Amino acid sequence: GIGPIPTFIGRDAVDLGDNLKSVNAGFGLVQQVVCGLHHTCFLTVDGRTFCFGKGERGELGDGGEEDRWTPTAVAGNLTFRRLVLADSRSYGIAEDEVYFWGNGRYETEDGAVWSTPTPRRILWLGGQVLWGL
């Protein structure tokens with residue numbers, strides 16, 4: 001659940017994955033819930049992203065490196081259609097672009113970036129496969 005009162009979405013396994021029902025989480029209707037190693041992100045039906053959990057490597061995308069225990073908006077006013085999380089990094093998939101935040105090394109418009117606490121557009125994935133797309 002989100003908050004002090006448990007919140008359940010659906011009753012059966014068929015209510016999960018692509019069949020996940022949208023639920024109002026207080027910051028919008030959530031269409032996707034994704035978990036990394038120590039952080040979780042929500043994607044709303046209007047494409048906004050909110051994350052919480054461990055943030056020491058920028059994986060929450062809010063511009064800081066602090067832990068957050070309530071969902072916090074990802075910086076940049078970007079809208080995504082899908083999220084993928086890994087151990088200490090997060091990916092947002094827009095129409096024709098992939099963004100990352102957290103710990104990782106990718107080629108961006110500014111050159112190679114090792115880690116970033118805010119979303120950066122990836123120019124090249126270096127042969128990596130993003131599972132969950």
Side-chain angles (χ1 to χ4, degrees):
I2 305 168
I5 300 172
T7 304
F8 297 95
I9 305 170
R11 295 176 180 259
D12 300 305
V14 296
D15 293 332
L16 302 175
D18 289 337
N19 296 320
L20 180 68
K21 294 172 174 55
S22 295
V23 63
N24 191 336
F27 46 80
L29 288 174
V30 172
Q31 69 170 331
Q32 186 187 14
V33 179
V34 235
C35 299
L37 186 60
H38 296 291
H39 70 298
T40 299
C41 293
F42 301 99
L43 179 65
T44 63
V45 295
D46 60 1
R48 295 175 301 137
T49 302
F50 296 82
C51 299
F52 73 98
K54 291 281 209 177
E56 63 190 339
R57 295 189 177 147
E59 57 264 58
L60 303 182
D62 63 354
E65 294 181 341
E66 297 83 27
D67 299 345
R68 306 245 187 252
W69 303 111
T70 57
T72 304
V74 168
N77 293 320
L78 297 164
T79 56
F80 300 115
R81 60 181 178 84
R82 195 90 156 143
L83 301 175
V84 176
L85 272 57
D87 55 358
S88 60
R89 61 190 164 275
S90 307
Y91 302 91
I93 292 81
E95 276 308 307
D96 296 327
E97 301 173 319
V98 177
Y99 290 79
F100 94 99
W101 55 95
N103 188 33
R105 184 178 190 279
Y106 298 100
E107 192 70 31
T108 69
E109 288 111 346
D110 301 327
V113 174
W114 281 96
S115 64
T116 177
T118 57
R120 302 283 296 273
R121 187 168 68 98
I122 298 173
L123 297 180
W124 183 65
L125 283 171
Q128 261 192 91
V129 174
L130 298 181
W131 297 102
L133 297 180

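These figures come from a predicted structure and were not determined experimentally.
- Looking only at distances, no side-chain donor or acceptor of Thr118 sits under 3.5 Å from a matching main-chain atom of Thr116.
- The closest side-chain heavy-atom distance from Leu83 to Thr49 is below 4.5 Å.
- With hydrogens and angles disregarded, a donor-acceptor distance shorter than 3.5 Å links the side chain of Gln31 to the backbone of Thr44.
- Each of Phe50, Phe27, Phe80 was scored for a ring-ring contact (aromatic ring centres under 6.0 Å, His included) with Phe42, with one residue passing: Phe27.
- In this structure a side-chain-to-backbone donor-acceptor pair under 3.5 Å is missing from Gln32 to Arg82.
- In this structure, Arg89 contributes its side chain and Trp101 its backbone to no donor-acceptor pair below 3.5 Å.
- Under the 4.5 Å side-chain heavy-atom criterion for Ile, Leu, Val, Met, Phe, Trp and Tyr, Leu60 and Ile93 are members of distinct hydrophobic clusters.
- Taking each heavy atom of His39 and Ser90 in turn, the nearest pair found is NE2-OG, 2.9 Å.
- Note on residues 32-48: pairs passing salt bridge (charged side-chain N to carboxylate O under 4.0 Å, His left out), not counting sequence neighbours, are Asp46-Arg48.
- From Arg121, atom CZ reaches atom CG of Asp96 across 10.0 Å, with rounding to the nearest 0.5 Å.
- Pairing each heavy atom of Gly55 with each of Asp67, the nearest pair is N-OD1, 3.0 Å.
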Start with the C-alpha distance between Phe52 and Thr40, add both sets of side-chain angles, then the distance that settles side-chain contact (heavy atoms from CB on, under 4.5 Å), and finish with yes or no.
-> CA-CA 6 Å; Phe52 73 98; Thr40 299; 3.8 Å; yes
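- Taking Phe100 as the reference, Tyr106 meet the ring pair (Phe, Tyr, Trp, His ring centres under 6.0 Å) condition, with sequence neighbours excluded.
- Sorted by first then second residue, the side chain to side chain donor-acceptor pair (under 3.5 Å) pairs that include residues 54-63, not counting sequence neighbours, are Asp62-Arg68.
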